[in-house]
Enquirer: 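Pasting in a structure now, in structure tokens, and then I'll have a few things to ask.
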Amino acid sequence: MTTAERDPGLQPERTRLAWRRTTLSATVVALLAVRQALHIGATPGALVAAALSTLAWLGFLLVAHRRVVALGTARPPALAPRGALTAALCTVALAAFAAAMLF
């Protein structure tokens, strides 16, 4: 008995593209945070928020890269709860640091 191959449909490709779009969005947010921090006069609080935004972006980038690589296999594993939690926390952190820079 042989194992069934993954459906050759476009679903895995759509999922990889979704991860890449989301990573691009997170990159834009992190770059805008750094730009905003430098634009408002580079106060210590803004620089800390920009640095933390960069760390959150790197964390999200790591999770997304691992997921895109995993989706390239014949039978990709499900997204681990730890990876999903990390991606969600990085997204919330980016929003929180952006809000902190505004105040």
Enquirer: If I take atom CZ from residue Arg20 and atom CZ from residue Arg67, how far apart are they, to the nearest 0.5 angstrom?
Expert: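 Output value for this atom pair is 13.5 Å.
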Enquirer: If you look at every heavy atom in Ala87 and Val63, which pair is closest and at what distance?
Expert: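 Result for this residue pair: CB-CG1, 4.1 Å.
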Enquirer: Calculate, to the nearest 0.5 Å, the distance between atoms CG and CG belonging to Leu94 and Leu89 respectively.
Expert: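 Reported to 0.5 Å precision, the distance equals 11.0 Å.
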Enquirer: With side chain to side chain donor-acceptor pair (under 3.5 Å) as the rule and sequence neighbours excluded, what pairs involving residues 78-102 come up?
Expert: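 Those involving residues 78-102 do not exist here.
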Enquirer: Taking all atoms of both residues into account, what is the closest heavy-atom pair of Ala84 and Leu79, and its distance?
Expert: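 In this case the closest contact between Ala84 and Leu79 is CB-CD2, 3.9 Å.
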Enquirer: Check Ala56 against Ala93 and note the closest heavy-atom contact, atom names and distance.
Expert: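 Heavy atoms of Ala56 and Ala93 come nearest at CB-CB, 4.0 Å.
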Enquirer: To which residues is Leu58 joined in a hydrophobic cluster, defined by side-chain heavy-atom contacts under 4.5 Å among Ile, Leu, Val, Met, Phe, Trp and Tyr, whether direct or through other members?
Expert: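 Members besides Leu58, by chain and number: Trp57, Leu61.
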Enquirer: Measure the spacing between CZ of Arg21 and CZ of Arg14 and express it to the nearest 0.5 Å.
Expert: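 Answer rounded to 0.5 Å: 10.5 Å.
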Enquirer: Side-chain heavy atoms under 4.5 Å apart, restricted to Ile/Leu/Val/Met/Phe/Trp/Tyr: what other residues fall into the cluster of Leu52, or is it alone?
Expert: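 Members besides Leu52, by chain and number: Val48, Leu55, Phe97.
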Enquirer: Where is the tightest heavy-atom contact between Ala30 and Ser53, given as atom of each residue plus distance?
Expert: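 Answer, listing the atom of Ala30 first, then Ser53: CB-O, 4.4 Å.
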